[in-house]
Engineer: 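Would you mind keeping the following structure in view while I ask a few things?
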Amino acid sequence: MQNLILTVNGEGFEMLLYFILAIMFGPPVLFAIIGILFRKRKTVAKVFYILAAVYLVIGLGLCGSMML
C-alpha cells in the first residue's frame, strides 16, 4: 500500500488565516471602541477596557497557538 502524500497549493488558507485574525483582534477592538464611547461613565468604560484586554490575551494565546 502506498503512502498518500498530500500536497497543498495554498488555496483557501488565506481565508482561514483572516478568520483566525478576525477572531483574535475583532472583539477586543470592538470592546475598546465601546469603552471609548462610554468614557463619561467611568465604571462601564473600565469594564469594557478590561474585557478587551482579557479577550486579547486569551485570543492571542489560543489562536496564536493554533497558528503555529
Engineer: Can you name the nearest heavy-atom pair linking P27 to A22, along with the distance?
Structural biologist: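 Scanning both residues, the minimum pair turns out to be CD-O, 3.6 Å.
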Engineer: Check M24 against L60 and note the closest heavy-atom contact, atom names and distance.
Structural biologist: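 Shortest heavy-atom contact: CE-CD2, 3.1 Å.
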Engineer: Going by the rule side chain to side chain contact (heavy atoms under 4.5 Å, CB included), which residues pair with L37 if we only count those two or more places apart in sequence or in a different chain?
Structural biologist: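 Partners of L37 under the side chain to side chain contact (heavy atoms under 4.5 Å, CB included) test: I33.
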Engineer: To which residues is V57 joined in a hydrophobic cluster, defined by side-chain heavy-atom contacts under 4.5 Å among Ile, Leu, Val, Met, Phe, Trp and Tyr, whether direct or through other members?
Structural biologist: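 Cluster partners of V57: none, it stands alone.
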Engineer: Compare every heavy atom of A52 with every heavy atom of P28, then report the nearest pair and how far apart it is.
Structural biologist: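 Closest pair (atom of P28, atom of A52, distance): O-CB, 3.5 Å.
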Engineer: State which residues pass side chain to side chain contact (heavy atoms under 4.5 Å, CB included) with F48; sequence neighbours excluded, sorted by chain then number.
Structural biologist: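 Only F31, I34, F38, V44, L51 meet the side chain to side chain contact (heavy atoms under 4.5 Å, CB included) criterion with F48.
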Engineer: Residues in side chain to side chain contact (heavy atoms under 4.5 Å, CB included) with F19, at least two apart?
Structural biologist: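 Here the qualifying residues are I23.
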Engineer: Are V54 and V29 co-members of a hydrophobic cluster defined by side-chain heavy atoms under 4.5 Å apart?
Structural biologist: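 Per the 4.5 Å side-chain linkage, V29 and V54 are not co-clustered.
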Engineer: Hey, any chance I36 and V47 share a hydrophobic cluster, counting ILVMFWY side chains that come within less than 4.5 Å of each other, even indirectly?
Structural biologist: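 In one cluster: no.
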Engineer: Which heavy atom of Y49 sits nearest a heavy atom of A32, and at what distance?
Structural biologist: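 Taking every non-hydrogen atom into account, CE2-O, 3.9 Å.
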